[in-house]
Structures are given as structure tokens and as C-alpha cells.
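Structure first, then comments.
The chains referred to below are lettered A, B, ... by the order of the sequence lines, with proteins before strands, and numbering in each begins at 1.
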Amino acid sequence: MKAHLTDLLFSIVKKMTPEMAQSQIIIERPKSIDHGDLSSNIALVMAKALKKSPREVAQDIVEQIPPTESFSKIEIAGAGFLNFYFSPKTHNEIINHALEKHTDYGRNNRGGHEKIQIEFVSANPTGPLHVGHGRGAAIGDCLARLFEFSGWDVTREFYYNDAGAQIDNLTTSIKSRCMNISPEDPAFPADGYRGEYIQDIANAYLQKSTIQSNSGTVLSAADIADDDAIKNYGVHYLRKEQDQDLAAFKIHFDVYSLESSFYEAGKIEDVITILKNKGYTYEKDGALWLKTTSFGDDKDRVMQKSDGAFTYFVPDIAYHLNKWERGFKRVINEQGADHHSTVNRVKAGLQGLDKGIPADWPEYVLHQMITVMKNGQEVKISKRAGSYVTLRDLIDEVGCDATRYFLVARRADSQLVFDIDLAKSQNSDNPVYYIQYAYARIQRVLIQWGGDFNSLRSIEEYRYETLIEKKLIKKIEEFPEIIETATKELAPHQIANFLKECAADLHGYYNDTKFLVDNNNEKNGRLSLIYATQHIIKNGLNLLGISAPDSM
RNA sequence: GCGCCCGUAGCUCAGCUGGAUAGAGUACUUGGCUUCGAACCAAGUGGUCAGGAGUUCGAAUCUCUUCGGGCGCGCCA
């Protein structure tokens, strides 16, 4: 409908000012239904060039619009806006289109089956997942769902940093606990992890418990002297914990990539060799440096430490080269904003490899930090200090659906306050229940009606004339575009906001109008409208990974 | 000090590729169930869109600047 109107206006505008481009025709959806279903500011834009008042230009345009069945009214308003109102015929078409598409309503094929990889969570196997990881999980998974719905071939991927200094810290921490050295003890590693979960791992290790995870079975050696055995055991223990938490959050990954695998395959050395050959490295102070300043960084960075070990971003470069070689022309990395310094380094490294990788590849979605409030106080999250709000705690306390909603309903680049007491106490007052209730209410009405849902069609004999009906139809018409925009802008929170508005309109309609009336035309018209509304709520909730129960 | 993000109602947040009286939830004040589930609805109170300057027909939105908050600036990840 919007595209149709764009073409229509362009054909007229072009005659008046030939230099206008189609891209300058902007059709908006007015915030208020009082301003129509669609509107254009084109007259205001053209007024200056034509040396006429915007309202005069608007009048000229309106006079040239051929008779159309799509709009019942076209008016000039305000400073010179053109407002278009859908006709009854258009109302029918919108509703019937949504009913026909059903679970596919809103789906598009922008992606054309192209491959896209979305990497998210990627928590180090050094502790349980916390709220911050939960935010990344919710955002990343919703992005993946949006891209799938937009015709992309999506790979969800999790990258484990299972090598390097942090893992060594984990190992020494477990080892110390095995030897009954508590975190308060001066002998405990200074950079060690102090959470109680370390003791759990140590106990399991000493008791020779085996771990069964996605990646296989790991037997405990129960040998305190064997660092490699402790490391292997600890990493697998925590990976299993994380896998369970993610499963409880209804998130799955297609591919798990291990940092250690790039070491084992010699990929780190390969990257170093290429960068050396391309002349982007130099030695200083006994270390090997990468000239990241050649690619916009403010200082060069160490790649290989004086002790011979590589810094963290070198495996990252190898990993991203691997992504590129696997054929992903589009890659999105969802991470916490505390990692944003890695973005430049990885991109600099990729450019230095000179493999034809575009400078803006990969794309990043960085979510800001979460402040957790409990009992009116801020809870400081520190893995090493052992103070925690785990993702599992949240899921257990407020439920998977509500947790997902809270974590995805905000823009990624704004900090969010997660008030645990509020989320817990809200039970019946939670936005997610508000939306689910709208869905369930429709379901109850349809069941009570008892007809064949799939036979419902909007018919010409019933005209949607009330304000609330027009608002709902406008929402239905808008839904596919909301999905396109949220996908394009990598902004899943827009879906959450949209759903809340839909639910509000539906509840308003429900309270205002009785659906199961004697008049068949009225009944049919109203039921088709709420059934179509149910489709967009269901499809929208699916995109957020939130359930749509028939009754609550 | 430098870089990135943010600052909108008492609180939590939308709106930001410039548009029409700045929205929602919550809190507070009222009213609505013998009628499809009241986990709902309707009405009201509440704003110098952090401050200032600029760009223009028009700025919460773009530019500059000041102030305030978060994150980063490691041979940690």
C-alpha cells in the first residue's frame, strides 16, 4: 500500500518538478490516527523550489490524483501535509491478506537465502552466565529470528575462549580450592576466581564425577598435580553449566567454535605469518606489535607477548578469517560494550591480511551494561569477586518469557536497570503478560464462537468505522514494515514495543465492542479483525522467542 | 586526558535517516464487571526533551559546545 502510494505520488510530482527523485518521496505513518493512515510531507519539500506555499502545492497535487478505490479520503492538513485514509475496500484487503498469510504474515525474502552468521553470548568458560550474557543472548537470538523471517540462511554461533591467561586463572583457582585454600587466604591466586562455584568444581573433580556434555564425556583425573586435567575438567564443567542455562532460556546454537581449535590447527601462526609478510608488524621491547594505527587505531597493539604467548585478539582475527572463509558475506557480532576496544583491533587485523574483506565487515551490535537492583540496592557484578546475578536465577525467579522480554525490550545502546524485585513482583503486571493476555483473550472468543477459524474472511458487507478498528487495521498493515525496519536497524526492541501497542489496541477494542453478536455481518467482520490481530501478536512473539499460550 | 554510548514525566523507558498538540508503563486520583476471562478499559494529575549556540519553513531528532553518568584506553578477555 505504501509502495503503491509512493509510485502514485512520484508520477505526479515528477511532472511538477522533474528534478525530484523517487527517493525523495517520503510516506509516513502518522503517529496519530487523526492524521490518516498514511501521510506525505512532499508538498512542504517542493514548496521552496516552486515558490508557492506548501498548501497550494498540496492542492495542486491532490487535484492530479486520479480517482482511486484505495483511499476514502485525501486531505490537506497542517502546514501542507497530505493525509490519506484507507477505504473500506483497503480495510478488507489488509485483513484478508494477513489471514491468508497466517504464520507467514510479515515474512519477507530480503535475504534471498544468503548466508549470515550471528555470533552472540560467547562467554568465557570461567563462570556461570550472568544478566549481561542474558541480554546478549536475548538480543542475539531475536536478531537471528528476525533474519530468518527475512529470508536469510542464519547460523547462530558461540565462540569459547578456552585458551589463554583467563583459563589459566580458572585452573589455578580450582587447584587452590582442591587444596583447601580459600579466597581469603593470601596464597589464593591474586587474579583468581572467587565465586563459590569454583569450590563446586573442585569438589566434583576430587570426587571423580564425570561430565557429560554436548562435546562428549570428560572423566575426572582427581589428580591435583595435573594442571591440564584440571583445566580440561573445569572448562567442560562450566561449558555444560552454560549449555543448560541457555537451554533453559530457549536458545540453541548451530556452531560452537573453540579458540583452542585455532591454536591446534596452526591458524594463529598463519595469521602472524601473513601480517608479517604484509609488513604490518614490528618488534619492540621483546614483543611483536601490529600496526593497528595504519587502520585508524590510536596506538599499535601487542600481538605476541615477550613470553611468547599471543594476546587475545590474535585468535580473534584467525577466527574471523575462518568465518570469512566459510563464506559468510554478512556477519553480526553481538557483544557487551565493554569489549568495544576489540572491534578496531580485529578489523585492523582483517584488513592487514589483505584478503579482500570489506572494511565494514563484520557488523557489531554492542549492548550497554546492565545495572542490577535488588532490595533497593545495586548489585555489583564481578566474576572474580564472585558476586553474581546469574541468568539461571532470573529465569527461575521471573520466568523465561518475562526475562527475555525485559532484556530485549530496550535499545541495545542504552544502559538498562534490571530491578529484580520489580520483575519478580510484577507477575500479573508484566508487559509480557499484557501481550500474552491479548492473544489468549482472542483465542477464548474464537473458541466460544466455535466456527472454523480458517474460514474467517473480512467481507464488504461490514464496514470498519470506529476509531479503534481503524487503529487495529493500521497496525496489521504496518506489521511487515516493522519487521523490515527492526531487521535493517538490528533493533529487535522495536518488535517488543510494537506488540505492546497492538495489545493495548486489542484490549481497547475488546472493552469497547462486543464481537459475538447476532448480526452475522458484524460478527464476521469483527472476528476477522481480531483473528488477524492474533496473527501479528503470535508472529511477533515468535520473533522474540516468547510463547503465546491459548489460556493463562 | 583521549575514544565510544547515554541524559526525555517522581521511577523504568519508547520516539532519534528532521515534520503536525513530545508518548507508554509504573506511581498517584477517579470511574467501569448479572454481558465474549477486570492479568482489562476509560478519564485526570505530571515535561524549560540536561544547559547553551547554530543549521531551516520546521529540531527531542542534525552540527558545535558545556555539564552529568556508563564503558574502554593491559604484553587481561
Heavy-atom donor-acceptor pair, A/D191 side-chain to B/A77 base, under 3.5 Å: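 Under the 3.5 Å cut-off, the side chain and the base do not form any donor-acceptor pair.
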
Please name the nucleotide paired to [N] by Watson-Crick or G-U wobble geometry with both distances under 3.5 Å, or report none.
{"N": "B/C73", "result": "B/G1"}
{"N": "B/U29", "result": "B/A43"}
{"N": "B/U63", "result": "B/A53"}
{"N": "B/G23", "result": "B/C13"}

[atom1] spacing across the pair [N] / [M], given as an integer number of angstrom:
{"N": "B/C4", "M": "B/U65", "atom1": "P", "answer": "11 Å"}
{"N": "B/C49", "M": "B/C11", "atom1": "P", "answer": "16 Å"}
{"N": "B/A24", "M": "B/U66", "atom1": "P", "answer": "36 Å"}

Under 4.0 Å from OP1 or OP2 of [N]: is there any side-chain N or O of [X] that close?
{"X": "A/R526", "N": "B/C36", "value": "no"}
{"X": "A/Y312", "N": "B/A77", "value": "no"}
{"X": "A/R411", "N": "B/C6", "value": "yes"}
{"X": "A/K31", "N": "B/A14", "value": "no"}
{"X": "A/Y433", "N": "B/C40", "value": "no"}

Nearest to side-chain heavy atoms of A/F81, which nucleotide of B/G37, B/A14, B/A20: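 It is B/A20.
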
A/M369 side-chain proximity, nearest of B/U21, B/C71, B/A20: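 So the side chain of A/M369 is nearest to B/C71.
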
Parallel, tilted or perpendicular: ring planes of A/W361 versus A/H320, cut at 30 and 60 degrees: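 The rings of A/W361 and A/H320 stand perpendicular, inter-plane angle above 60°.
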
A/F453 and A/W449 aromatic ring geometry - parallel, tilted or perpendicular at 30°/60° bounds: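 Rings of A/W449 and A/F453: parallel, under 30°.
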
Between atom [atom1] in [X] and atom [atom2] in [N], what is the gap in whole Å?
{"X": "A/Q368", "N": "B/A14", "atom1": "CD", "atom2": "C1'", "answer": "17 Å"}
{"X": "A/N161", "N": "B/A77", "atom1": "CG", "atom2": "C1'", "answer": "6 Å"}
{"X": "A/L170", "N": "B/A77", "atom1": "CG", "atom2": "P", "answer": "14 Å"}
{"X": "A/K299", "N": "B/C75", "atom1": "NZ", "atom2": "P", "answer": "8 Å"}
{"X": "A/F515", "N": "B/C40", "atom1": "CZ", "atom2": "C1'", "answer": "12 Å"}
{"X": "A/K514", "N": "B/A38", "atom1": "NZ", "atom2": "P", "answer": "11 Å"}
{"X": "A/R301", "N": "B/G3", "atom1": "CZ", "atom2": "P", "answer": "14 Å"}
{"X": "A/D505", "N": "B/C41", "atom1": "CG", "atom2": "P", "answer": "10 Å"}

Under 4.0 Å between a Lys/Arg side-chain N and an Asp/Glu carboxylate O for [X] and [Y]?
{"X": "A/D34", "Y": "A/K31", "answer": "no"}
{"X": "A/D297", "Y": "A/K291", "answer": "no"}
{"X": "A/E119", "Y": "A/K323", "answer": "yes"}
{"X": "A/D227", "Y": "A/K175", "answer": "yes"}

Nearest-nucleotide comparison on RNA chain B, the residue closer to the 5′ end among A/Q448 and A/E259: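 Of the two residues, A/Q448 wins.
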
Toward the 5' end of RNA chain B, by each residue's nearest nucleotide, A/F418 or A/D34: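 The 5'-side residue here is A/F418.
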
Ring-base stacking, A/H493 with B/A14 (5.5 Å, 30° cut-offs):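 Stacking is absent between B/A14 and A/H493, given that the ring centres and planes do not meet under 5.5 Å and under 30°.
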
Aromatic ring of A/Y434 stacked on base six-ring of B/A39, 5.5 Å, 30°: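 Base of B/A39: not stacked against A/Y434.
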
Touch class at under 4.0 angstrom, heavy-atom based, for [X] against every strand present:
{"X": "A/H507", "answer": "sugar-phosphate"}
{"X": "A/Q415", "answer": "base"}
{"X": "A/T371", "answer": "nothing"}
{"X": "A/D162", "answer": "nothing"}
{"X": "A/S414", "answer": "sugar-phosphate"}
{"X": "A/S341", "answer": "base"}
{"X": "A/T513", "answer": "base"}
{"X": "A/D413", "answer": "sugar-phosphate"}
{"X": "A/A287", "answer": "base"}
{"X": "A/R444", "answer": "base"}
{"X": "A/L446", "answer": "nothing"}
{"X": "A/D285", "answer": "base"}
{"X": "A/A77", "answer": "base"}

Donor-acceptor contact below 3.5 Å, side chain A/R110 vs main chain A/T487: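 Side chain of A/R110 to backbone of A/T487: no pair is present.
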
Flag side-chain contact, heavy atom, 4.5 Å: A/M369 against A/D338: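 The answer is yes, as the side chains (C-beta and beyond) meet within the 4.5 Å cut-off.
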
